[in-house]
Amino acid sequence: MLSRESVISILSEKVELFKGFSEEKIGIIIDGSKLVTVEENEAVIEEEEKGRFLGIILSGGVNIIRVENDGSRKIIGSLREYEIFGEIALMTNEKTVANVVGSTHSEILLIPQSMFTKALMTEPSAIAYLSKLMMKRVSEISKASQETGSYKDGHITLNSEKRKQILVINCGSSSLKYAYYDTYRPDEPFKGIVERIGENQTVHKFSYNSQEEKHIISASDHKEAFLDVIRILTSEKFRIIRNPDEIDIVGHRVVHGGEKYNAPTVITEEVEKEIEKANLYAPLHNPVNLTGIRESRQLFRKAVHIAVFDTAFHQTMPPYAFLYALPYEYYSQKKIRRYGFHGTSHAYVSLKAAEFLKRRYSSLSIIACHLGNGCSVCAIDHGRSVDTSMGFTPAEGLIMGTRCGDIDPGVLIHIMRNENMDYNQLDKVINKFSGLRGISGISNDMREIENAANQSDYRALIAIKSFAYRIRKYIGSYIAAMGGVDLIIFTGGIGQGSALVRNLSLQGLEFMGIEIDEDLNRSANGFKQICDITSSNSRVKVLVVPTDEEFMIARESLEALRNYEISQEISRIKPIPIPVEVSAHHIHLSRGDVDKLFGEGYKLTIDKELSQPGQYACKEKVNLIGPKGRIDNVRILGPERDKTQVEIAMTEEFRLGIQAPIRASGDIEGTPGLTIEGPNGKITIEKGVILALRHIHMSFEDALRFGIKDKDLVQVMVEGERGITFDEVLVRVDKNFRLAMHIDTDEANASGIKTGDTGFIKSIMRKV
Ligand code: ADP
């Protein structure tokens, strides 16, 4: 093994990337890195280890191997002494597409990504060197992956460069559910629940390595329940941790984040206060979630505490989906709107399903049905929740174990008036005594109702029929909302366990391209694994996916911590100004469509260059004609693209009479079309109209300077007339991009922002 001194001298003298780094800095990098030896054909980086290391070859050499979809392996490149690898994953958010194996006996320094990002931010020459190298390699890699069309989304794993011990906490009014994860052994969680806290017989159940135990304990409050959890985790028998200070991250499930939180958030005093404010919206849940946060901040003092909100995933819902048709002030002043819940579960099962199908998550239209004690359906359009059945509270939408779901509000008024009920009593009726329990009169447990139905119990039969009918109606309406569906998912106790409910929810929908295979459906063991129950004729995939909210909370917490650390770094370096450009409606045309609109072989004329290199506005304009109206003289932007795409703002949508989804540029599957008029004639495109997601273009070099990656979502503060913060700004990294943030005219008008204003990245939010 090379000594520390020789590694320092190799890095400073031989490896170009580190030219100009002080010895001290190189020393710090080495101390935070791992020196490994590999033999010929031994793997250095496995594909799953998504973007974890930058590798420096100190001696020997490596081959870069790509595993093809059919499992065969192909050498796509070789690297020698002093060369580096793994840099693309620093940039792309996509898993390392290739394996790296030794071509001979080699010594390699593996620098964790976070260590490298921090070290790099203050070294302009290294940024320049690395971005040049990336430019070269990205074009090689994109060529290679285009050839195979290989699937490249990340795996849903719990990896970290440094070992992290994570505790997930889900605090209910009389229960404490928890799960412990070690990122070096993420498949061996320790999970448990303390139930009936404050009652005579408090029960502590837990399972580890498929062994289950149940203890009767005494716990008069949550604090005592926490102490018992610590007692078990530190016990001689399990030795999961030696003491509470070993826990690095505590991820808390928080039911309601209001409009403030659309991503997992590191808990500070201020965040605690905000959660307290949201108590108003979720009086049954948030206060106990807060108790859990406060108790565990006392007990796990060394850990970073992170709130993962049930509502966060649905913050992408557009206003027309989240508004109630009440006087607008109820929303604008009192924040009464639809929020949606079960976000963690919907996100997890949909990501898992995309991974299972080897399809890109952000290219699918998904309907996820979470059917547990609480039930909700979610429409996920190209990675964004665009509608969900629960609303201001979890009582809206589907029929649930004990909740009524959708109901005419007039019924509630009628009951209050005529039964002489106050709101507390009515609350109980709709949340505790309705749903499956209310209709069947038997139980809130679907298993018992199915048993009764088998004995021909009328109310049980009608309870099941109503339950499935409501799901079916929601599925139909979400297909309409998204203009189609690629994948339907069932999860939650009933979704995973009841073949009958799955069947009743989908039967007879063949005309929509949905058909399940009854044998596969009946034999599916949805508690164990993902089961594909699609019939071979079906256009739409149907999967049963076991949910794992604890795992997802752990993963989101880990990601939130990484983002937080990078955000802290960003705030330490000198703020990098980003020019803001307001982008008016425009159109990109394909070659074929130019021919049709302007005449065979017509060449578009450049009017002026745009800020993005190679892009230009053309002299030529076209007219857009929608079902309702038209917009004349719309600018064509060059160069020509593979597919014609029209980008408009919401007010223009209205003028045209078209409903377009919010999409990243280039992602036009399932979008509406319109008619385009040019001097040579009219064409009608079937798809291609989008509302562009606000975004920042940047080069590799910029991305390295910010420490962020392609497809990150960031929060940007724009210094305009008023100074305004935009959440969810999509980062697009490409070798040809120049730093600029684009927002559409509606947003610019609403916020008083104009081209020439300046934005600053405040924090990284989450990945698309
Ligand atoms: P929660 O929403 O509280 O997490 P679960 O997702 O565990 O709850 O779902 C619990 C419900 O799932 C139970 O009340 C029961 O109705 C239903 N369930 C569990 N297993 C089955 C099964 N095999 N068949 C039908 N229903 C089931």
Side-chain angles (χ1 to χ4, degrees), residues 168-179 191-196 205 207 212 253 255 282 284-285 288-289 308 310 340-349 352 368-378 388-390 393-395 397-403 405 431-454 457 459-461 463-468 470-471 489-505 521-529 531 533 544-553:
V168 174
I169 298 293
N170 181 356
C171 229
S173 56
S174 62
S175 67
L176 168 62
K177 207 169 171 187
Y178 66 94
K191 289 189 172 187
I193 182 165
V194 184
E195 286 174 307
R196 291 195 240 140
K205 285 189 276 196
S207 67
E212 293 186 8
R253 175 189 183 221
V255 167
L284 290 181
H285 298 102
V288 287
N289 295 157
V308 179
D310 246 23
F341 299 87
H342 286 149
T344 312
S345 176
H346 288 303
Y348 174 79
V349 295
K352 269 288 187 196
C369 308
H370 177 110
L371 314 174
N373 283 315
C375 303
S376 71
V377 193
C378 182
T388 188
S389 58
M390 283 179 169
T393 76
L398 297 180
I399 295 174
M400 310 181 207
T402 60
R403 297 188 193 119
N431 280 305
K432 298 264 181 255
F433 299 119
S434 297
L436 290 173
R437 170 191 264 187
I439 300 182
S440 75
I442 297 167
S443 161
N444 59 332
D445 190 320
M446 184 55 95
R447 284 164 294 195
E448 290 182 35
I449 299 171
E450 284 191 25
N451 286 339
N454 282 332
D457 183 288
R459 280 176 63 183
L461 286 165
I464 297 172
K465 275 210 139 191
S466 319
F467 182 83
R470 185 83 57 90
I471 297 169
I489 301 167
F490 287 94
T491 192
I494 301 172
Q496 291 162 212
S498 176
L500 175 70
V501 167
R502 295 192 296 260
N503 171 297
L504 290 179
S505 308
N521 182 36
R522 264 193 307 273
S523 59
N525 187 349
F527 288 97
K528 259 217 161 116
Q529 71 217 24
C531 306
I533 59 169
V544 183
V545 182
T547 192
D548 192 343
E549 288 167 272
E550 288 78 29
F551 177 90
M552 190 65 178
I553 292 172

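First listed ligand is number 1; within each ligand, the first listed atom is number 1.
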>> Evaluate Asp445 for polar contact with ligand 1, using N/O atom pairs at a separation under 3.5 Å.
In response: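 N/O-N/O distance under 3.5 Å: yes.
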>> What I want to know is whether Met446 and ligand 1 share at least one N or O pair that is separated by under 3.5 angstrom.
In response: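 Yes - when backbone and side-chain N and O of Met446 are compared with those of ligand 1, one distance drops under 3.5 Å.
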> Could you go step by step and tell me if Ile533 and Arg502 meet the side chain to side chain contact (heavy atoms under 4.5 Å, CB included) rule?
Replying inline: CA-CA 10 Å; Ile533 59 169; Arg502 295 192 296 260; 4.0 Å; yes
Identify, by atom number and element, the atoms of ligand 1 in contact range of [X], meaning under 4.0 Å from any of its heavy atoms.
X: Gly374; result: 2 (O)
X: Gly492; result: 6 (O)
X: Phe527; result: 20 (N)
X: Ser498; result: 24 (N), 25 (C)

Taking the side chain as every heavy atom from C-beta outward, state whether [X] and [Y] have any pair of such atoms under 4.5 Å apart.
X: Ser505; Y: Phe490; answer: yes
X: Ser173; Y: Leu284; answer: no
X: Leu504; Y: Ile471; answer: no
X: Phe433; Y: Thr402; answer: no

>> List the residues meeting side-chain hydrogen bond (donor to acceptor under 3.5 Å, both in side chains) with Lys205, not counting sequence neighbours, and say none if there are none.
In response: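 Only Glu195 meet the side-chain hydrogen bond (donor to acceptor under 3.5 Å, both in side chains) criterion with Lys205.
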> Can you name the residues that form a side-chain hydrogen bond (donor to acceptor under 3.5 Å, both in side chains) with Asp445, not counting sequence neighbours?
Replying inline: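 Expected list: Arg447.
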Pick whichever of [options] has a heavy atom sitting closest to [atom].
atom: atom 13 (C) of ligand 1; options: Leu371, Asn373, Asn444; result: Asn373
atom: atom 23 (N) of ligand 1; options: Pro546, Gly497, Ala499; result: Gly497
atom: atom 6 (O) of ligand 1; options: Cys375, Ser376, Ser345, Gly493; result: Gly493

> Without hydrogens or angle criteria, can the side chains of Ser345 and Thr547 be said to hold a donor-acceptor pair below 3.5 Å?
Replying inline: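 Side-chain D/A pair, Ser345 to Thr547: present.
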> At the 4.0 Å heavy-atom cut-off, does Gly401 count as touching ligand 1?
Replying inline: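 Heavy atoms of Gly401 never come under 4.0 Å of ligand 1.
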> Considering only the protein, which heavy-atom contact is closest to atom 17 (C) of ligand 1, and what is its distance?
Replying inline: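 Of every protein heavy atom, Ile494 CG1, 3.4 Å lies nearest to atom 17 (C) of ligand 1.
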>> Does the protein place a non-hydrogen atom closer than 4.0 angstrom to atom 4 (O) of ligand 1?
In response: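 When distances to the protein are checked, atom 4 (O) of ligand 1 has no heavy atom within 4.0 Å.
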